Undergrad: 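After the structure tokens below, expect a handful of questions from me.
None of the values given here were measured: they were computed from a predicted structure.
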Amino acid sequence: AVDVGTPSNGFQEWDVTTPVRFHGFEGLDTSRGTFVESPKLVCFGHRWRLRIYPGGETNSDDGMVGVFLRNMSKESIEVEWCFTVKSPDGREVAACDGKFYKSLFAPNSSDGNSWGRKNFAKRPDIVSALVAGALVVEVQMKRAGSNLPNPVPFIAENPFCNMMLKVFMDDESADVVLEVRDGDEQAHVQFHAHRVILKQCAPVLAELCGSGGASVSITDVKPEIFRHMLCYVYGGKVQEEDLKSHAKEIIEAANRFGVVNLKLEAEASYVKSTTMGVDNV
């Protein structure tokens, strides 16, 4: 389920497959053409948003609510889709004429990336089906031409990795500065980090940082290699090209600072791209 807005205290779960909930529906702006969108959802490898027009889309009839599904990915896709609104007791109040529609959704920011029903249902009918003040729209999708008996549900994307990456090198929230230089080089590069993250993902590096002190000096590792490793610690991905080009250095750094999974990935990449012989064993 996807919640748009803050659920009221009286909201309870009810038996639908993939509900998208718009809380406080009656309080939403009913000006024609004004819409509210859900967070991004993932289905068939594409990102989507569900958009509702509480007072109708620009071309809707008077008193009608509009509902549209939007493709937010860079690739087009053909799917069959359907919207349904049910009352709390399971009675169907509104649907897409009781059938699936087949549409080719164009890439994001292109004409044709949004399909739906400008006259999905009368507003009074929608209001009568609210659940603790929330409009619950069941979205069903399946690949065009498939014979799957059951519609494939939306899967909300876990935002944790993106949230972690947002604090990567964030000097405001960081509690330790890592001053990295290679060998005898005088200049160093600063990396801002968080002890609690290092403790979980790079335990050896966390031990070097200790529990106090604003900065820690780290030598004998190239700053660019250290950046790859630290970004990985924060949920980032080292590109395959970089793994191939700097495999040995990344393996050494990951092993030195306790980033086990990165070490394994780099080793796998090294073995895959290197012809083993006496000189490199």
Undergrad: Is the closest side-chain heavy-atom distance between Tyr53 and Val65 below 4.5 Å?
TA: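 They are not in contact (no side-chain heavy atoms under 4.5 Å apart), so the answer is no.
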
Undergrad: Write down the atom of Thr84, the atom of Cys82, and the distance for their closest heavy-atom approach.
TA: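 Reported closest heavy-atom pair: OG1-SG, 4.1 Å.
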
Undergrad: Of all the heavy-atom pairs spanning Ile225 and Ala253, show the shortest one and how long it is.
TA: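 Looking at all heavy atoms of both residues, the shortest contact is CG2-CB, 4.0 Å.
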
Undergrad: Going through the distances and angles, do Glu252 and Arg256 end up as a salt bridge (Lys or Arg N to Asp or Glu O under 4.0 Å)?
TA: CA-CA 6 Å; Glu252 290 173 0; Arg256 175 181 172 186; over 6 Å; no

Undergrad: Looking at side-chain heavy atoms only, is the closest gap between Leu130 and Ser128 below 4.5 Å?
TA: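 Heavy-atom side-chain distance check fails, nothing below 4.5 Å.
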
Undergrad: Mind checking ring pair (Phe, Tyr, Trp, His ring centres under 6.0 Å) for His194 and listing every partner two or more places apart, or none if nothing turns up?
TA: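 For His194, the residues satisfying ring pair (Phe, Tyr, Trp, His ring centres under 6.0 Å) (neighbours in sequence not counted) are Tyr234.
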
Undergrad: How close do Val216 and Cys209 get, heavy atom to heavy atom, and via which atoms?
TA: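 Smallest heavy-atom distance, with atoms named: CG2-CA, 3.7 Å.
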
Undergrad: Indicate the atoms forming the closest heavy-atom contact of Gly116 with Phe68, along with that distance.
TA: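 What the structure gives for the nearest pair is N-CD2, 3.4 Å.
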
Undergrad: Going through the distances and angles, do Lys237 and Glu265 end up as a salt bridge (Lys or Arg N to Asp or Glu O under 4.0 Å)?
TA: CA-CA 11 Å; Lys237 179 72 175 177; Glu265 282 192 33; 3.3 Å; yes

Undergrad: So which atom in Glu37 and which in Phe22 form the shortest heavy-atom distance, rounded to 0.1 Å?
TA: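 Heavy-atom minimum between the residues: C-CE2, 4.2 Å.
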
Undergrad: Nearest 0.5 angstrom please: Ser110 OG to Phe105 CZ, how far?
TA: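 Here the interatomic distance stands at 13.5 Å.
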
Undergrad: Any side-chain heavy atom of Val260 within less than 4.5 Å of one from Leu262?
TA: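 No - every pair of side-chain heavy atoms lies 4.5 Å or more apart.
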
Undergrad: Cluster question for you: counting only ILVMFWY and a side-chain heavy-atom cut-off of under 4.5 Å, with indirect links fine, are Val221 and Met169 together?
TA: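 Same cluster.
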
Undergrad: Would a hydrophobic clustering, with Ile, Leu, Val, Met, Phe, Trp and Tyr connected at side-chain separations under 4.5 Å, put Val167 with Val259?
TA: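 Per the 4.5 Å side-chain linkage, Val167 and Val259 are co-clustered.
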
Undergrad: Can you confirm whether Phe191 sits close enough to Arg227 that some side-chain heavy atom of one is under 4.5 Å from a side-chain heavy atom of the other?
TA: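 Contact flag for Phe191/Arg227 side chains = yes.
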
Undergrad: Would you say Phe44 ends up clustered with Trp81 if hydrophobic residues are merged whenever their side chains have heavy atoms under 4.5 Å apart, either directly or through other cluster members?
TA: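 Same hydrophobic cluster.
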
Undergrad: For a 4.5 angstrom cut-off between non-hydrogen side-chain atoms, does Gln190 reach His188?
TA: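 Gln190 vs His188: side chains touch.
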
Undergrad: Would you find a donor on one side and an acceptor on the other, under 3.5 Å apart, between the side chain of Asn119 and the backbone of Asp61?
TA: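 Answer holds: yes.
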
Undergrad: Could you give me the CA-CA distance, side-chain angles and deciding distance for Arg123 and Met64, then say whether side-chain contact (heavy atoms from CB on, under 4.5 Å) is met?
TA: CA-CA 5 Å; Arg123 183 176 173 83; Met64 302 297 289; over 6 Å; no

Undergrad: Tell me whether Arg51 forms a cation-pi arrangement with Phe35, defined as NZ or CZ under 6.0 Å from the six-membered ring centre and within 45 degrees of its axis.
TA: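 Arg51 over Phe35 ring: yes.
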
Undergrad: Please tell me if the side chains of Leu50 and Val67 come closer than 4.5 Å, counting only heavy atoms from C-beta onward.
TA: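 The answer is yes; the side chains approach within 4.5 Å.
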
Undergrad: Go through the steps to decide whether Leu198 and Leu230 satisfy the test side-chain contact (heavy atoms from CB on, under 4.5 Å), and finish with yes or no.
TA: CA-CA 9 Å; Leu198 299 181; Leu230 193 61; 3.9 Å; yes

Undergrad: For the atom pair CD1 (Ile126) and CZ (Phe25), what is the distance rounded to the nearest 0.5 Å?
TA: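 Going from CD1 on Ile126 over to CZ on Phe25, the span is 6.0 Å.
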
Undergrad: Please check if Met72 and Phe83 belong to a single hydrophobic cluster, counting links between Ile, Leu, Val, Met, Phe, Trp and Tyr side chain heavy atoms closer than 4.5 Å.
TA: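 The answer is no; the residues belong to distinct hydrophobic clusters.
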
Undergrad: Rounded to the nearest 0.5 Å, how far apart are OG1 of Thr58 and CZ of Arg32?
TA: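 If we round to the nearest 0.5 Å, Thr58:OG1 and Arg32:CZ are 8.0 Å apart.
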
Undergrad: Take Leu205 and Phe226 through the test side-chain contact (heavy atoms from CB on, under 4.5 Å) and record every step on the way to the result.
TA: CA-CA 11 Å; Leu205 181 57; Phe226 191 86; 4.0 Å; yes

Undergrad: Please check if the side chain of Ser87 supplies one atom and the backbone of Arg91 the other of a donor-acceptor pair under 3.5 Å.
TA: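 Yes: the side chain of Ser87 pairs with the backbone of Arg91.
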
Undergrad: Looking only at atom types and distance, does a side-chain atom of Ser60 sit under 3.5 Å from a main-chain N or O of Glu57, one as donor and one as acceptor?
TA: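 Yes, the answer is positive, given that a donor and an acceptor are paired below the 3.5 Å cut-off.
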
Undergrad: What is the distance from atom NZ of Lys40 to atom OG of Ser73, rounded to the nearest 0.5 Å?
TA: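 Here the rounded value is 8.0 Å.
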
Undergrad: Is it the case that Lys248 places NZ or CZ above or below the six-membered ring of Tyr270, under 6.0 angstrom from the centre and within 45 degrees of the axis?
TA: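 No, Lys248 and Tyr270 do not form such a contact.
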
Undergrad: Looking at every non-hydrogen atom in both residues, tell me the closest pair between Val20 and Val139 and how far apart they are.
TA: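 Smallest heavy-atom distance, with atoms named: CG2-CG2, 4.1 Å.
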
Undergrad: So, do Asn71 and Trp48 sit near enough that their side-chain heavy atoms are less than 4.5 Å apart?
TA: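 Yes - at least one pair of side-chain heavy atoms lies under 4.5 Å apart.
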
Undergrad: Kindly determine whether Asn108 and Arg47 satisfy side-chain contact (heavy atoms from CB on, under 4.5 Å), including the steps that lead there.
TA: CA-CA 9 Å; Asn108 184 27; Arg47 298 171 186 268; over 6 Å; no

Undergrad: Assigning hydrophobic clusters by single linkage (Ile, Leu, Val, Met, Phe, Trp, Tyr; side-chain heavy-atom cutoff under 4.5 Å), is Val196 placed with Tyr232?
TA: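 Yes.
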
Undergrad: Would you find a donor on one side and an acceptor on the other, under 3.5 Å apart, between the side chain of Glu92 and the backbone of Ala94?
TA: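 No; judged by distance alone, with no hydrogens or angles, the pair does not exist.
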
Undergrad: Using 0.5 Å steps for rounding, measure from the OG atom of Ser103 to the CD1 atom of Ile77.
TA: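 It is 12.0 Å, given to the nearest 0.5 Å.
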
Undergrad: Under a 4.5 Å cut-off applied to non-hydrogen side-chain atoms, are Asn113 and Pro107 in contact?
TA: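 The answer is no, as the side chains (C-beta and beyond) never meet within the 4.5 Å cut-off.
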
Undergrad: Rounded to the nearest 0.5 Å, what separation is found between the CG atom of Leu165 and the SG atom of Cys231?
TA: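 Answer rounded to 0.5 Å: 5.5 Å.
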
Undergrad: When you check the side-chain N and O atoms of Asp242 and Ser245, is any donor under 3.5 Å from an acceptor?
TA: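 Looking only at side-chain atoms, Ser245 and Asp242 do not form any donor-acceptor pair under 3.5 Å.
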
